[in-house]
Amino acid sequence: MDEEPISIQEAKDPGYQGAEVRLRGWIYRTRGSNKMLFMVIRDSTGIIQCVASRSDLGDDLFTVAKDLPVESSVIVIGNVNKDDRAPGGYEVHMNDVRTISKADRFPITKDQSEEFLRENRHLWIRSRKMNAILKVRSTVTGAIHEFFRKKGYHEFTPPIFTPNQAEGGSTLFEVKYYDRSIYLTQTWQLYAEAAIFSLEKIYDVSPTFRAERSKTSRHLSEFWMAEMEAAWIGYREAVQIAMDEIRFIIKKVLENNIGDLEILEVDPDGLVHILEKEWPVITYTEALGILNDKAGMDVQWGKDLRTVEEEELMKLFDTPVGVVEYPKEAMAFYKPVLEGADAPGPVAKCFDILAPEGYGEIVGGSERDTDIESLSMALEKEGESVESYDWYLDLRRYGSVQHSGYGLGVERLIAWICKLENIKDAIPFPRTMTRAYP
RNA sequence: GCCGCAGUAGCUCAGCUGGCUAGAGCGUACGACUGUUAAUCGUAAGGUCAUCGGUUCGAAUCCGCUCUGCGGCGCCA
């Protein structure tokens with residue numbers, strides 16, 4: 001009588017058709033008359049319609065079940081069958097409904113604004129949309145681990161509290177640290193550079209904090225970055241690794257999340273198509289030429305590409321594009337100059353990967369400068385105290401080697417794969433300049 | 001840092017050439033209904049129109065400050 005509960009997804013398996021099953025879940029919708037009750041329930045795997053007539057359950061139980069509000073938790077026992085009349089094509093004829101917890105009136109109803117859903121994120125996370133996104137997210141982070149481990153990389157976990165900046169001073173979160181201040185990490189990079197002299201090939205997926213005053217649909221104050229750092233490789237190899245990584249992630253999403261993409265109304269064929277194509281790698285200087293020729297934009301050499309320029313450029317491509325060798329001037333202190341480059345000015349051994357359809361930069365990376373003199377000069381130029389980076393400069397004093405690394409913005413990648421309008425939906429509890437609740 | 005948009009029932013909105021005793025749909029409560037597809041029908045409850053101040057005989061409506069949220073630029077992943 002008390003059979004083991006199964007998931008809603010399992011109940012749709014041919015082996016269970018006609019059988020009595022026990023399902024656990026939450027009420028997603030209810031409809032009915034005084035003789036019939038339709039109760040759609042959901043669990044982590046999906047939704048299924050459950051139906052009963054008054055005579056099936058008896059007057060008392062029918063009345064109790066009919067009064068259960070949306071999001072009440074229940075155990076349903078009944079016979080599952082294919083039924084074309086049911087949404088989703090399967091239906092459970094209920095023999096029993098057990099109330100685990102009767103819900104209060106659920107605040108989220110048919111009409112929802114973005115703001116209201118963010119205010120109620122702790123409840124909205126139950127929605128089919130968020131459920132699907134979070135499953136894709138789990139696939140993405142899992143795929144990152146799998147990709148690097150298969151290639152012989154070690155997972156390396158950096159500190160989150162850091163005394164130094166690495167990406168420009170104005171974007172650090174300063175926090176109390178006993179009787180002084182410290183910062184939340186903006187990147188694992190300086191520590192990763194130390195670690196490669198032990199592990200050679202490392203990666204991580206970890207939170208990153210940037211206090212940029214950006215109020216856009218592409219920015220978060222707390223986001224997850226998947227980074228890699230490896231000894232003995234140059235920036236051009238790093239570009240290829242990053243592209244392989246993204247391809248691998250997309251492949252895994254296609255293997256595991258077709259149903260979720262469907263809920264998100266994303267056509268998987270688009271992703272398949274992207275996997276089939278070559279992804280171009282162009283230089284910054286070439287990018288300016290393309291912008292001039294095909295978009296009529298006259299961008300002054302030496303400036304970083306701005307959002308409009310990236311958007312115009314990516315209108316010309318339907319796959320991710322690697323852009324390499326940006327002007328040294330616009331780049332962070334640790335990016336070395338490429339000698340003998342075919343460009344109007346000094347360029348750095350660095351790259352970005354841009355996603356199509358306006359999703360912008362999803363990867364940024366570079367080779368790392370191994371020259372103490374030029375590093376010290378670059379730090380001074382940025383107004384940093386060279387002394388506080390002494391430990392970092394040590395890495396150049398004891399057996400320095402060529403090395404490169406990059407960071408992939410996990411939420412930006414998810415937003416692109418899932419075609420989300422806003423990056424805030426790519427993370428369960430978004431943190432922005434104006435929101436740290438719930 | 002700069003620019004723009006918004007705040008009216010639990011939710012989504014209408015009302016904004018000043019005349020309101022502030023409406024609708026959804027949700028909720030009660031009732032009806034034997035196959036519903038975010039069912040349908042009936043009845044009801046539910047509001048200091050974000051705050052403060054100003055103009056006016058009269059302000060949801062016009063003006064100003066503030067607060068809150070959202071987006072765009074810049075910067076970045």
Side-chain angles (χ1 to χ4, degrees), chain A residues 27-40 47 49-56 62 66-67 69-70 83-89 91 93 103-120 123-124 127-128 166-171 186-189 205-227 242 303-311 326 330-332 352-355 359-365 406-416 421-424 426-427 430 432-435 437:
Chain A
I27 296 177
Y28 183 66
R29 304 266 186 271
T30 56
R31 297 178 282 272
S33 64
N34 70 334
K35 297 288 195 301
M36 294 292 290
L37 169 63
F38 300 92
M39 184 190 271
V40 179
I47 61 172
Q49 175 162 286
C50 303
V51 61
S53 65
R54 182 178 283 273
S55 58
D56 290 338
F62 186 85
K66 195 172 183 297
D67 284 346
V70 164
D83 194 319
D84 290 340
R85 291 173 299 182
E91 190 169 80
H93 286 262
D104 288 354
R105 185 188 58 74
F106 198 61
I108 300 174
T109 60
K110 179 175 148 192
D111 296 310
Q112 312 135 348
S113 63
E114 302 242 316
E115 181 185 342
F116 185 72
L117 295 182
R118 280 180 204 153
E119 196 70 18
N120 290 280
L123 301 175
W124 180 237
S127 66
R128 299 199 82 200
E167 295 279 349
S170 62
T171 66
Q186 293 174 302
T187 167
W188 79 332
Q189 189 192 314
V205 186
S206 61
T208 300
F209 306 89
R210 295 199 184 166
E212 289 158 356
R213 303 183 88 79
S214 305
K215 289 165 285 187
T216 80
S217 54
R218 302 181 310 280
H219 287 86
L220 293 164
S221 303
E222 175 186 81
F223 65 98
W224 286 67
M225 194 141 73
E227 296 169 282
K303 300 225 164 151
D304 203 353
L305 293 181
R306 295 176 305 165
T307 306
V308 259
E309 285 131 23
E310 282 180 2
E311 275 175 9
Y326 284 80
M331 295 291 119
D352 283 346
I353 295 178
L354 309 179
Y359 286 91
E361 287 179 41
I362 50 175
V363 173
Y406 63 82
L408 179 155
V410 172
E411 286 77 17
R412 287 202 180 160
L413 181 66
I414 293 167
W416 172 54
E421 281 180 20
N422 198 308
I423 197 167
K424 295 172 192 72
I427 190 165
T432 65
M433 208 172 103
T434 49
R435 179 176 292 286
Y437 173 94

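For Glu411(A), the salt bridge (Lys or Arg N to Asp or Glu O under 4.0 Å) partners at least two apart in sequence or on another chain are Arg137(A). Under the side chain to side chain donor-acceptor pair (under 3.5 Å) criterion, Asp56(A) pairs with Ser53(A), sequence neighbours left out. With sequence neighbours left out, Arg435(A) forms a salt bridge (Lys or Arg N to Asp or Glu O under 4.0 Å) with Glu119(A). Take Ser217(A) and apply the side chain to side chain contact (heavy atoms under 4.5 Å, CB included) test, not counting sequence neighbours, and it matches Asn422(A). The side chain to side chain contact (heavy atoms under 4.5 Å, CB included) check on Ala355(A) picks up Tyr359(A), Ile362(A), Trp416(A), with sequence neighbours excluded. For Glu311(A), the side chain to side chain contact (heavy atoms under 4.5 Å, CB included) partners two or more places apart in sequence, or in a different chain, are Thr307(A). Looking at residues two or more places apart in sequence or on another chain, you find a salt bridge (Lys or Arg N to Asp or Glu O under 4.0 Å) between Arg85(A) and Asp83(A). With sequence neighbours left out, Arg218(A) forms a salt bridge (Lys or Arg N to Asp or Glu O under 4.0 Å) with no residue at all. Checked against side chain to side chain contact (heavy atoms under 4.5 Å, CB included), Ala330(A) has the following partners two or more places apart in sequence or in another chain: Asp304(A).
Using a 4.0 Å cut-off, no side-chain N or O of Arg412(A) falls inside it from OP1 or OP2 of C76(B). Side-chain N/O atoms of Asn422(A) include none lying less than 4.0 angstrom from OP1 or OP2 on C70(B). Distances shown here put every side-chain N or O of Arg218(A) at or beyond 4.0 Å from the OP1 or OP2 atom of G74(B). Taking 4.0 angstrom as the limit, Arg118(A) places a side-chain polar atom (N or O) nearer than this to OP1 or OP2 of C70(B).
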Taking only N/O atoms, report every protein-nucleotides 12-15 of chain B pair under 3.5 Å with atom names and distance.
from	atom 1	to	atom 2	distance (Å)
U12(B)	OP1	Ser113(A)	N	3.3
U12(B)	OP1	Ser113(A)	OG	2.2

Report, one pair per line, the protein and nucleotides 4-7 of chain B atoms (nitrogen or oxygen only) whose separation is under 3.5 Å.
none

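Look at OH on Tyr28(A): it is 20 Å from P on U36(B), rounded to the nearest Å. The distance between atom CG of Leu220(A) and atom P of G71(B), rounded to the nearest whole Å, is 10 Å. Between Ile362(A) atom CD1 and A77(B) atom C1' the separation is 9 Å, expressed in whole Å. Between the CZ atom of Phe62(A) and the P atom of G35(B) there is a distance of 12 Å, rounded to whole Å.
At a threshold of 4.0 angstrom between heavy atoms, the contacts of Asp352(A) with the nucleic acid are absent. Note on Ala226(A): nothing from the nucleic acid sits closer than 4.0 angstrom, heavy atoms only. Met36(A) comes within 4.0 angstrom of a base, heavy atoms only. Residue-level contact check: Val410(A) touches neither bases nor backbone, having no heavy atom under 4.0 Å from any strand. Residue contacts shown for Lys303(A) are absent, as no nucleic acid heavy atom lies under 4.0 Å away. As judged by a 4.0 angstrom heavy-atom cut-off over every strand, Thr208(A) is placed among residues making no nucleic acid contact. Contacts of Glu227(A) with the nucleic acid, taken as non-hydrogen atoms under 4.0 Å apart, are absent.
A donor-acceptor contact under 3.5 Å is not formed by the side chain of Thr307(A) with the base of C73(B). Side-chain N/O atoms of Glu421(A) and base N/O atoms of G71(B) include no donor-acceptor pair closer than 3.5 Å. Counting atom types as modelled, Arg213(A) pairs no side-chain N or O with a base atom of C73(B) as donor and acceptor under 3.5 Å.
Of the candidate nucleotides C76(B), G74(B), G72(B), C76(B) has the atom nearest to the side chain of Glu310(A).
Across all strands shown, A24(B) forms a Watson-Crick or G-U wobble pair with U12(B), both key distances being under 3.5 Å.
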Inset, instruction - Between protein and nucleotides 27-33 of chain B, map the contacts as a letter string: B base, S sugar-phosphate only, - none, heavy atoms under 4.0 Å, written 5' to 3'. - result: SS----B
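With a glycosidic angle no more than 90° from 0, C20(B) adopts the syn conformation.
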